[in-house]
Trainee: 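Pasting in a structure now, in structure tokens, and then I'll have a few things to ask.
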Amino acid sequence: MGEIRHEISTRKGARTPMSSRWQRQGAAGLAALAMGAAAITFSTPASAATLPPCATTTEIVRSGHEIMVPTSKGNTSCLIGRSFAANTTIVARFQFTMRRCYPNLDLASPYSSEKVGELAVDGSFGPRSEAALKAVQSAVGTTADGIYGPKTRDRMKFLTPNRSNCYRY
């Protein structure tokens with residue numbers, strides 16, 4: 001069976017034969033390259049790239065309860081995590097919230113012998129704080145990536161202003 005050949009132009013204007021098999025392979029390679037580039041581009045959620053780090057907590061009313069939620073300039077869509085430079089006050093408040101609202105959860109690996117209720121409230125979002133957040137995320141049914149953002153916020157419990165009760169966002 002003969003192979004179909006197409007001609008392509010080169011820079012100097014000469015015509016060179018090229019098999020359709022090479023065209024298909026070239027097209028498949030370009031498609032794979034484009035998909036790989038798209039996967040790299042979108043591996044970080046677009047929303048995470050545009051959200052600011054949380055800077056304070058704000059009292060809001062949700063489902064009839066006042067709760068204290070991390071915010072940035074009044075917006076509840078913000079980030080806390082090891083890669084996001086949240087200030088020590090907001091991190092300490094977030095650590096305290098996790099301790100009070102999820103005290104009996106085991107931290108994520110490699111600290112699974114420790115409880116969230118034992119988490120140090122030191123204002124530093126280090127590996128144990130990340131493990132506590134991952135445990136909370138697993139418990140509330142969201143992706144356990146160790147980054148607090150809108151998806152975690154929507155499922156997490158937060159303290160009331162008097163720190164006596166926890167209610168879901």
Side-chain angles (χ1 to χ4, degrees), residues 30-169:
L30 286 175
L33 181 62
M35 288 174 44
I40 291 168
T41 302
F42 296 111
S43 62
T44 300
S47 60
T50 61
L51 295 178
C54 300
T56 190
T57 55
T58 302
E59 187 176 309
I60 65 169
V61 177
R62 295 289 291 191
S63 302
H65 301 285
E66 291 181 3
I67 54 175
M68 300 299 292
V69 179
T71 58
S72 178
K73 297 179 182 176
N75 187 342
T76 60
S77 292
C78 58
L79 302 171
I80 299 174
R82 291 179 79 181
S83 300
F84 305 99
N87 66 49
T88 57
T89 301
I90 187 64
V91 171
R93 289 178 182 169
F94 189 67
Q95 289 167 327
F96 188 77
T97 295
M98 289 192 294
R99 275 182 62 147
R100 289 292 300 239
C101 297
Y102 300 94
N104 297 319
L105 291 179
D106 294 329
L107 268 64
S109 181
Y111 307 103
S112 55
S113 64
E114 301 174 33
K115 298 285 186 192
V116 173
E118 300 165 353
L119 180 66
V121 178
D122 60 6
S124 174
F125 199 93
R128 281 186 170 77
S129 295
E130 182 179 60
L133 179 54
K134 286 180 178 180
V136 170
Q137 289 171 320
S138 291
V140 300
T142 190
T143 303
D145 60 6
I147 300 170
Y148 169 87
K151 290 181 181 179
T152 300
R153 176 206 62 212
D154 289 350
R155 295 183 174 213
M156 200 173 148
K157 291 180 184 177
F158 296 93
L159 284 168
T160 56
N162 65 5
R163 299 180 176 187
S164 63
N165 295 304
C166 297
Y167 294 103
R168 192 169 168 189
Y169 183 82

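Quick caveat, the model's predicted, so the values are computed rather than measured.
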Trainee: Taking the six-membered ring of Tyr169, is the NZ or CZ of Arg155 close enough (under 6.0 Å from the centre) and on axis enough (within 45°)?
Mentor: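 Relative to the ring axis of Tyr169, which defines the angle, Arg155 lies outside at least one limit.
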Trainee: Does any part of the side chain of Thr160, heavy atoms only, come nearer than 4.5 Å to the side chain of Glu66, both counted from C-beta?
Mentor: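 Not in contact.
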Trainee: Determine the minimum heavy-atom distance between Gln137 and Gly146, stating which atoms define it.
Mentor: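 Nearest pair, atom of Gln137 first, then Gly146: OE1-N, 2.9 Å.
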Trainee: To the nearest 0.5 Å, how far apart are CD in Glu114 and CG in Leu107?
Mentor: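 Reported value, rounded in 0.5 Å steps: 6.0 Å.
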Trainee: I need the Ser129 OG to Asp122 CG distance, nearest 0.5 Å.
Mentor: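 If I round to the nearest 0.5 Å, the distance is 6.0 Å.
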Trainee: Testing the 3.5 Å rule here: is there a donor-acceptor pair between the side chains of Ser164 and Asn162?
Mentor: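 Present: a donor and an acceptor within the cut-off.
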Trainee: Could you walk me through whether Leu51 and Cys78 pass the side chain to side chain contact (heavy atoms under 4.5 Å, CB included) check?
Mentor: CA-CA 5 Å; Leu51 295 178; Cys78 58; 5.7 Å; no
Trainee: Just do the side chain to side chain contact (heavy atoms under 4.5 Å, CB included) check on Arg128 and Leu119 with the steps written out, would you?
Mentor: CA-CA 7 Å; Arg128 281 186 170 77; Leu119 180 66; 4.1 Å; yes
Trainee: Quick one: does Thr76's side chain get under 4.5 Å of Thr58's, heavy atoms only?
Mentor: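 Result no, sub-4.5 Å side-chain heavy-atom pair not found.
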Trainee: What's the shortest heavy-atom distance between Val116 and Tyr102, and which atoms?
Mentor: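 Looking at all heavy atoms of both residues, the shortest contact is CB-O, 3.1 Å.
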Trainee: Rounded to the nearest 0.5 Å, how far does CD1 of Ile80 lie from SG of Cys54?
Mentor: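 If we round to the nearest 0.5 Å, Cys54:SG and Ile80:CD1 are 4.0 Å apart.
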Trainee: Any pair with a residue in residues 97-169 that passes disulfide (SG to SG under 2.5 Å), sequence neighbours left out, goes on the list, sorted by first then second residue, please.
Mentor: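 Those involving residues 97-169 are Cys101-Cys166.
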Trainee: Tell me whether Glu118 contacts the main-chain N or O of Arg99 through its side chain, where contact means a donor paired with an acceptor under 3.5 Å.
Mentor: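 Checking the backbone N and O of Arg99 against the side chain of Glu118, no donor-acceptor pair under 3.5 Å is found.
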Trainee: Can you classify the ring geometry of Tyr167 versus His65 as parallel (below 30°), tilted (30 to 60°) or perpendicular (above 60°)?
Mentor: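 Tyr167 vs His65 ring planes: parallel.
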Trainee: Could Lys115 and Asp106 be called an ion pair, given the rule that one side-chain N must be under 4.0 Å from one carboxylate O?
Mentor: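 So Lys115 pairs with Asp106 through a salt bridge.
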Trainee: Could you report the tightest heavy-atom contact between Gly149 and Leu79, atom names first, then the distance?
Mentor: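 Smallest interatomic distance, heavy atoms only, reads CA-CD2, 3.9 Å.
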Trainee: Could you tell me whether the side chain of Glu59 and the main chain of Pro161 form a donor-acceptor pair under 3.5 Å?
Mentor: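 Not a single qualifying donor-acceptor pair exists.
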Trainee: Under a 4.5 Å cut-off applied to non-hydrogen side-chain atoms, are Val136 and Met156 in contact?
Mentor: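 Heavy-atom side-chain distance check passes, below 4.5 Å.
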Trainee: Do Met68 and Thr97 have side chains that get closer than 4.5 Å, going by heavy atoms?
Mentor: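 No, side chains not in contact.
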Trainee: How close do Ser77 and Asn75 get, heavy atom to heavy atom, and via which atoms?
Mentor: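 Heavy-atom minimum between the residues: N-OD1, 2.8 Å.
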Trainee: A side-chain contact here means heavy atoms from C-beta on lying under 4.5 Å apart; do Arg62 and Ile60 qualify?
Mentor: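 Yes; the side chains approach each other to less than 4.5 Å.
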Trainee: Pick from Gln95, Met98, Arg100: which one makes a side chain to side chain contact (heavy atoms under 4.5 Å, CB included) with Val121?
Mentor: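 With Val121 as partner, Gln95, Met98, Arg100 yield a single side chain to side chain contact (heavy atoms under 4.5 Å, CB included), made by Gln95.
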Trainee: Yes or no on side chain to side chain contact (heavy atoms under 4.5 Å, CB included) for Thr152 and Leu133, after CA distance, side-chain angles and deciding distance?
Mentor: CA-CA 9 Å; Thr152 300; Leu133 179 54; 4.1 Å; yes
Trainee: Would you check if Pro70 and Thr56 make a side-chain contact, meaning some heavy-atom pair closer than 4.5 Å?
Mentor: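 The answer is no; the side chains never approach within 4.5 Å.
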Trainee: Set out, in order, the CA-CA distance, both residues' side-chain angles and the distance that settles side chain to side chain contact (heavy atoms under 4.5 Å, CB included) for Glu130 and Phe125, then state yes or no.
Mentor: CA-CA 7 Å; Glu130 182 179 60; Phe125 199 93; 3.9 Å; yes
Trainee: Return the minimal non-hydrogen interatomic distance between Lys134 and Ala108, and the atom names on each side.
Mentor: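 In this case the closest contact between Lys134 and Ala108 is CB-CB, 3.8 Å.
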Trainee: How far apart are the closest heavy atoms of Asn87 and Ala55, and which atoms are they?
Mentor: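 In terms of heavy atoms, the two residues are closest at ND2-O, 2.9 Å.
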Trainee: Please tell me if the side chains of Leu159 and Ile67 come closer than 4.5 Å, counting only heavy atoms from C-beta onward.
Mentor: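 The answer is no; the side chains never approach within 4.5 Å.
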